[in-house]
Amino acid sequence: MESTWGSNTGIVELRPDVRDTLGRPLRDLRISVMDRCNFRCPYCMPEDIYDRNFRFLSSRERLSFSEIVRLTRLFARMGACKLRITGGEPLLRAGLADLIGDLSRLEGVEDIALTTNGVLLAQQAAALTAAGLDRVTVSLDAVDEELFRRMSGGRGRLEAVLDGISEARAAGLNPIKINAVIQRGVNDGHVPELVDHFRGTGMILRFIEYMDVGTINNWSETQTVPAAEIVETIHRRWPLRPLEANYHGEVARRYEFVDGQGELGFITSVSQPFCGSCNRARLSSDGRLFTCLFASEGLDLRGPMRDGAPDDALLNLMRGRWSRRADRYSELRSSGRAGAGTDKRVEMYYIGG
Ligand code: SAM
Ligand code: SF4
Ligand code: SF4
């Protein structure tokens with residue numbers, strides 16, 4: 001049956017260098033495969049909101065693997081070459097290795113990474129790697145058992161996360177990155193403990209400034225610890241020196257220990273925003289395209305796709321959206337100009353980090 005979108009011409013124009021209004025290409029696609037999570041980190045999914053009455057997406061509402069693969073193929077034609085699988089908690093999505101396998105075979109896809117809380121990683125690391133996963137980032141805000149439980153909302157065991165990290169290393173997903181969000185008055189006093197744990201292991205610990213993503217966490221800037229302050233704290237005990245960026249647009253500012261015990265990263269989204277080189281698009285688990293972490297609306301791709309839109313029509317929608325992109329929320333926040341009209345920001349668990 002002919003859909004309202006007409007039939008697929010089979011001709012999809014190859015124009016990888018579609019640029020947004022600020023001249024930024026699309027290179028990095030973050031795919032949220034699951035809106036649910038087995039943690040309740042208070043800064044992301046506080047238990048009192050995400051309780052048993054909260055209505056998460058149904059499996060029918062979520063994109064199927066074949067829908068994700070189809071859209072990713074089109075994103076790759078727009079220039080996306082790096083993929084990050086995220087959520088919610090991506091390892092809750094059954095059969096994830098099959099998806100990774102399909103994505104890794106797409107033309108133009110050069111690198112596939114995963115961001116996870118790590119609790120289910122030990123069981124899945126080997127299969128994910130065999131399927132084509134290149135890298136993993138494990139989010140871990142504390143290595144103190146009690147603080148870990150507080151920051152995960154009382155869910156999951158620290159030991160399971162540490163086992164997950166070990167299995168990922170054994171599977172060859174090196175160098176593993178560990179992401180720690182630092183919140184003033186919560187885990188800022190535990191920075192040296194985290195550094196001590198990961199220094200000299202070959203893993204890269206990265207400190208993330210606590211951000212005003214979404215609206216449910218009642219963020220205030222006083223809770224953000226600027227990266228410069230964390231660098232200073234660490235430098236006093238373990239001298240550091242800055243490193244050059246690995247590539248243009250690298251999000252983390254890199255430092256190394258002067259004594260050769262490895263590298264640290266700092267994600268300075270609040271104190272030193274990096275919108276100018278932001279080449280990231282996000283696909284939510286129900287198929288919306290978001291062009292900024294702080295967006296309020298996403299472009300629905302699932303609707304047209306399920307209505308029978310052919311590839312070239314979908315690609316036109318996606319290209320049109322990217323070419324109109326003008327997002328630079330963090331820069332505007334820094335200059336005191338963010339805020340107006342931003343009351344309805346999308347939540348982090350929904351579009352992924
Ligand atoms: N559940 C997975 C995990 O935690 O790794 C993947 C999704 S989670 C939303 C991705 C990352 O976002 C995590 O590293 C988390 O710490 C980070 N994150 C969530 N809310 C944040 C906030 N308000 N500021 C900074 N980072 C945040
Ligand atoms: Fe779940 Fe990750 Fe959000 Fe924590 S940060 S609640 S692990 S999605
Ligand atoms: Fe990119 Fe938006 Fe973050 Fe700026 S605020 S770096 S445009 S996601």
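Start at 1 and go down the list; that is how both ligands and their atoms are numbered. Residue numbers count from 1 along this sequence. Treat the numbers as computed from the prediction; the structure is a model and nothing was measured.
- At the top of the distance list for atom 4 (Fe) of ligand 3, counting protein heavy atoms only, stands Cys275 SG, 2.3 Å.
- The pair Asp35-Arg62 meets the salt-bridge criterion, since a charged nitrogen lies less than 4.0 angstrom from a carboxylate oxygen.
- Distance alone, capped at 3.5 Å, is enough to place a donor-acceptor pair between the Glu209 side chain and the Ala227 backbone.
- Using a 4.0 Å cut-off between charged side-chain N and carboxylate O, Asp259 and Arg199 make a salt bridge.
- The protein heavy-atom contact nearest to atom 8 (S) of ligand 3 is Leu293 N, 3.3 Å.
- Residues meeting the side chain to side chain contact (heavy atoms under 4.5 Å, CB included) test with Ser323, sequence neighbours left out: Val18.
- Pocket lining of ligand 1, defined as residues with a non-hydrogen atom under 4.0 Å away: Tyr43, Thr86, Gly87, Gly88, Glu89, Thr115, Thr116, Asn117, Ser139, Val181, Ile208, Glu209, Tyr210, Met211, Val213, Asn217, Met348, Gly353.
- Of the possible donor and acceptor atoms, none in the side chain of Trp322 sits under 3.5 Å from a partner among the backbone N and O of Thr291.
- Close approach of ligand 3 to Phe294 (heavy-atom distance below 4.0 Å) involves ligand atoms 5 (S).
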field: Verdict with supporting geometry, Glu256 and Arg241, salt bridge (charged side-chain N to carboxylate O under 4.0 Å, His left out)
entry: CA-CA 6 Å; Glu256 67 177 355; Arg241 64 175 157 239; 2.7 Å; yes
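- Protein N/O/S atoms found under 2.8 Å from atom 3 (Fe) of ligand 2: Cys44 SG.
- Taking a cut-off of under 4.0 Å to the non-hydrogen atoms of Ser330, the atoms of ligand 3 that pass are 5 (S).
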Validation: residues 120-133 side-chain donor-acceptor distances under 3.5 Å, sequence neighbours left out:
{"residue": "Gln124", "atom": "NE2", "partner": "Leu91", "partner atom": "O", "Å": "3.2"}
{"residue": "Thr129", "atom": "OG1", "partner": "Ala125", "partner atom": "O", "Å": "2.6"}

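- Taking a cutoff of 4.0 Å between a charged side-chain nitrogen and a carboxylate oxygen, Arg306 and Glu67 qualify as a salt bridge.
- Less than 4.0 angstrom separates some heavy atom of Asp327 from each of these atoms of ligand 3: 7 (S).
- From the protein, the heavy atom lying nearest to atom 1 (Fe) of ligand 3 is Cys278 SG, 2.4 Å.
- Taking a cutoff of 4.0 Å between a charged side-chain nitrogen and a carboxylate oxygen, Asp311 and Arg70 qualify as a salt bridge.
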Practice item. Dump the intermediate steps for side chain to side chain contact (heavy atoms under 4.5 Å, CB included) on Asn117 and Val161, then the final yes or no. Key: CA-CA 7 Å; Asn117 62 30; Val161 179; 5.8 Å; no
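- For the pair Arg155 and Glu47, the salt-bridge criterion is met [side-chain N within less than 4.0 Å of a carboxylate O].
- Val258 and Tyr255 fall into different hydrophobic clusters, where Ile, Leu, Val, Met, Phe, Trp and Tyr residues are linked whenever their side-chain heavy atoms come under 4.5 Å apart, directly or through other members.
- Of all the heavy atoms of Arg280, the ones lying under 4.0 Å from any atom of ligand 3 belong exclusively to the side chain.
- Taken together through direct or relayed side-chain contacts under 4.5 Å among Ile, Leu, Val, Met, Phe, Trp and Tyr, Ile49 and Met348 form part of one hydrophobic cluster.
- The protein atom (non-hydrogen) at minimum distance from atom 2 (Fe) of ligand 3 is Cys292 SG, 2.3 Å.
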